[in-house]
Enquirer: 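Below: one structure in structure tokens.
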Amino acid sequence: MYYSKRNCINIVSHQCHKHRKVPQLITEYKNQNSGIINTYDCDLLILNENKYLTYCIINKDQQYEILREYKMSPDEHFNDFHTKVLEYDEYLRNGFKSVKISISNKRLVLVPGAVFRREQSVHYLENSAPIWSTDEVKVDYLEKQDIRLIYAFRTSVYQMYKGLYPNSTMENALSSYITHVDRIVSSMDPGYKVYVNALYDTLYIVVFRNEQLAYANVYEFTTAEDFLYYIMLIYKEFQLDQEKTPTFISGKMDSHSKLHDLISRYIRNLHFLQHNTSGEVGIEGLPEHIYFDLFSLRA
């Protein structure tokens, strides 16, 4: 655990139901001012990480109703995990006004718009990441930067979500994150800026020079030292000043976490990333940077 859940309303332990394991619910925040949730008037945001699934239901008044995180068990298959979450969660099989789904994985590549050819999408990706016969290859368009982000995702899980939410939109979580950060960058001083987002076992590193995207990638990590190593690698590659270059952090860390403590020893100009946009969804008592990645789906 890299951050403390001091304000979490409820953490549900692993259970068994009719001799079948139900999904492991590790985090739950409920809006105490809500009654019965009418999902048909609500928006649903879903973030898929390697071994985790997070979702939030947002009502017509732009207030959150419930936020939950599930964790995949060590002996569980990826497809089975998603199937069980969708089967057992009492809200996810309902209808919604809109559904946005983001996929977080490192099997991706960014291609400048000037050279992109859609028919070459698989070729671009297979030069950078493995593609399996069970994959769906998708392409996101980062319009402001004129960049295509190409990524692979399990076809079976993709079809499962599209079957349940036929009108949903799906994109890579890094695309959503970059789009959200891009809106914030435009209001900042010129120069290099580094953005780091931590999920449970994945991190995004994005570098902007002025308002131009200079670098973006996804890494998997196990320890806090791994986490720091990838950040320092980018500082070295771009020859950035550890004392002066601003680094903005978000995701699963706070000022009391091991990740923050380690990073702050090496990077002095360190800040938690704030939304800096109107109409953001907030969870009372919870720093807004914690779920910056999930709420980037609204950017």
Side-chain angles (χ1 to χ4, degrees), residues 1-3 24 26-27 46-54 69-82 85 101-110 124-132 134-138 140 149-155 157-158 170-178 180-181 194-207 213 215-238 247-254 257-263 266-267 273 289-294 296-297:
M1 185 72 64
Y2 289 103
Y3 80 111
Q24 185 180 3
I26 60 171
T27 309
I46 299 176
L47 171 63
N48 292 285
E49 194 183 354
N50 291 334
K51 300 175 183 177
Y52 299 85
L53 184 150
T54 305
E69 290 182 301
Y70 289 94
K71 180 181 180 180
M72 188 168 71
S73 301
D75 59 346
E76 196 169 21
H77 292 295
F78 187 80
N79 286 23
D80 294 340
F81 169 63
H82 288 271
V85 172
I101 303 168
S102 62
I103 308 301
S104 180
N105 63 30
K106 66 174 186 176
R107 294 191 297 134
L108 56 84
V109 64
L110 280 75
Y124 296 135
L125 184 57
E126 65 185 1
N127 285 335
S128 301
I131 303 176
W132 304 319
T134 55
D135 280 338
E136 186 93 12
V137 175
K138 308 292 292 178
D140 296 342
L149 189 151
I150 307 168
Y151 66 101
F153 188 58
R154 306 282 182 87
T155 299
V157 178
Y158 171 79
M170 182 178 292
E171 62 186 9
N172 193 279
L174 183 61
S175 299
S176 307
Y177 179 79
I178 291 172
H180 201 169
V181 169
V194 179
Y195 295 85
V196 177
N197 184 73
L199 288 88
Y200 282 106
D201 56 11
T202 306
L203 73 146
Y204 311 155
I205 303 180
V206 173
V207 180
L213 180 67
Y215 180 86
N217 208 346
V218 176
Y219 301 91
E220 293 178 2
F221 71 97
T222 303
T223 67
E225 288 72 22
D226 294 339
F227 193 92
L228 175 65
Y229 169 78
Y230 289 122
I231 298 173
M232 299 312 299
L233 201 64
I234 300 307
Y235 262 75
K236 182 178 180 180
E237 180 177 337
F238 285 90
T247 296
F248 299 90
I249 54 178
S250 59
K252 301 299 187 294
M253 66 177 107
D254 59 26
S257 68
K258 183 177 179 180
L259 285 180
H260 184 271
D261 179 61
L262 187 59
I263 296 170
Y266 294 87
I267 300 173
L273 184 57
H289 72 267
I290 297 291
Y291 290 104
F292 185 91
D293 39 38
L294 176 66
S296 289
L297 275 167

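Note that the numbering runs from 1 along the sequence shown for the chain.
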Enquirer: I would like to know whether Val218 and Asn105 meet side chain to side chain contact (heavy atoms under 4.5 Å, CB included); could you show each step before the answer?
Expert: CA-CA 7 Å; Val218 176; Asn105 63 30; over 6 Å; no
Enquirer: Distance check, rounded to the nearest 0.5 Å: Thr223 atom OG1 versus Asp201 atom CG?
Expert: 12.5 Å
Enquirer: Is there side-chain contact between Glu171 and Leu297, with heavy atoms separated by less than 4.5 Å?
Expert: yes
Enquirer: Please report the closest heavy-atom contact between Leu199 and Ser104, naming both atoms and the distance.
Expert: CD2-OG, 4.0 Å
Enquirer: Excluding sequence neighbours, so at least two apart, what forms ring pair (Phe, Tyr, Trp, His ring centres under 6.0 Å) with Tyr235?
Expert: none
Enquirer: Step through it carefully: locate the ring centre of Phe221, locate the ring centre of Phe227, and say whether they are under 6.0 Å apart.
Expert: yes
Enquirer: When rounded to the nearest 0.5 angstrom, what is the spacing between OG1 in Thr202 and CG in Asn50?
Expert: 4.0 Å
Enquirer: Identify, with sequence neighbours excluded, every residue that meets ring pair (Phe, Tyr, Trp, His ring centres under 6.0 Å) alongside Tyr177.
Expert: Tyr204, Phe292
Enquirer: So Lys258 and Glu225, do their side chains get closer than 4.5 Å, heavy atoms only?
Expert: yes
Enquirer: How far apart are the C-alpha atoms of Asn79 and Val157, what are their side-chain angles, what is the distance that settles it, and do they pass the side chain to side chain contact (heavy atoms under 4.5 Å, CB included) test?
Expert: CA-CA 6 Å; Asn79 286 23; Val157 178; 3.4 Å; yes
Enquirer: Would you please name every residue forming a side chain to side chain donor-acceptor pair (under 3.5 Å) with Tyr124, sequence neighbours left out?
Expert: none
Enquirer: Please enumerate all residues that pass side chain to side chain donor-acceptor pair (under 3.5 Å) together with Tyr70, with sequence neighbours excluded.
Expert: Asp89
Enquirer: Are Thr247 and Ile263 close enough that some pair of their side-chain heavy atoms sits under 4.5 Å apart?
Expert: no
Enquirer: Quick one: side chain to side chain donor-acceptor pair (under 3.5 Å) partners of Asn48, sequence neighbours excluded?
Expert: His82, Tyr161
Enquirer: Ignoring hydrogens, what is the shortest heavy-atom contact between Met253 and His289? Give both atom names and the distance.
Expert: O-NE2, 2.7 Å
Enquirer: Do you know which two heavy atoms are closest between Asn197 and Gly251, and how far apart they sit?
Expert: OD1-N, 3.4 Å
Enquirer: Tell me, please, which residues at least two apart from Tyr151 pass ring pair (Phe, Tyr, Trp, His ring centres under 6.0 Å).
Expert: none
Enquirer: Starting at CG of Leu174, measure out to CG of Leu110 and round the result to the nearest 0.5 Å.
Expert: 6.5 Å
Enquirer: By side chain to side chain donor-acceptor pair (under 3.5 Å), which residues pair with Lys51, not counting sequence neighbours?
Expert: none
Enquirer: Which heavy atom of Ile290 sits nearest a heavy atom of Asp293, and at what distance?
Expert: O-OD1, 4.3 Å
Enquirer: The criterion is salt bridge (charged side-chain N to carboxylate O under 4.0 Å, His left out); which residues satisfy it with Arg107, sequence neighbours excluded?
Expert: Asp135
Enquirer: How long is the straight-line distance from OG of Ser175 back to CD1 of Ile103, given to the nearest 0.5 Å?
Expert: 11.0 Å
Enquirer: Is a donor from one side chain sitting under 3.5 angstrom from an acceptor on the other, for Lys138 and Tyr158?
Expert: yes
Enquirer: Take atom CZ in Phe78; do more than 12 heavy atoms of anything else shown fall under 6.0 Å from it?
Expert: yes
Enquirer: Which residues pass the salt bridge (charged side-chain N to carboxylate O under 4.0 Å, His left out) test with Asp226, sequence neighbours left out?
Expert: none
Enquirer: With the threshold set at 4.0 Å, does a side-chain nitrogen-carboxylate oxygen contact exist between Lys252 and Glu69?
Expert: yes
Enquirer: Using 0.5 Å steps for rounding, measure from the OH atom of Tyr291 to the OG1 atom of Thr27.
Expert: 4.5 Å
Enquirer: Residues in ring pair (Phe, Tyr, Trp, His ring centres under 6.0 Å) with Tyr230, at least two apart?
Expert: Tyr219
Enquirer: If we only count heavy atoms from C-beta on, is the His260 to Asp254 side-chain gap below 4.5 Å?
Expert: no
Enquirer: To the closest 0.5 Å, what do you measure between OH (Tyr195) and CG (Leu213)?
Expert: 11.0 Å
Enquirer: With no hydrogens and no angle check, just 3.5 Å: does a side-chain donor-acceptor pair link Glu49 and Thr54?
Expert: no
Enquirer: What closest approach, in Å, do Asn172 and Asp140 show between heavy atoms, and which atom pair accounts for it?
Expert: N-OD2, 2.7 Å
Enquirer: Could you pull out every donor-acceptor pair under 3.5 Å between side chains of residues 125-132 and any protein atom, sequence neighbours left out?
Expert:
{"from": "Asn127", "atom 1": "ND2", "to": "His123", "atom 2": "O", "distance (Å)": "3.3"}
{"from": "Asn127", "atom 1": "ND2", "to": "His123", "atom 2": "NE2", "distance (Å)": "3.3"}

Enquirer: Could you report the tightest heavy-atom contact between Ala224 and Leu262, atom names first, then the distance?
Expert: O-CD2, 3.4 Å
Enquirer: What pairs with Phe238 under side-chain contact (heavy atoms from CB on, under 4.5 Å), at least two apart in sequence or on another chain?
Expert: Tyr192, Val207, Ala214, Tyr215, Ile234, Leu240
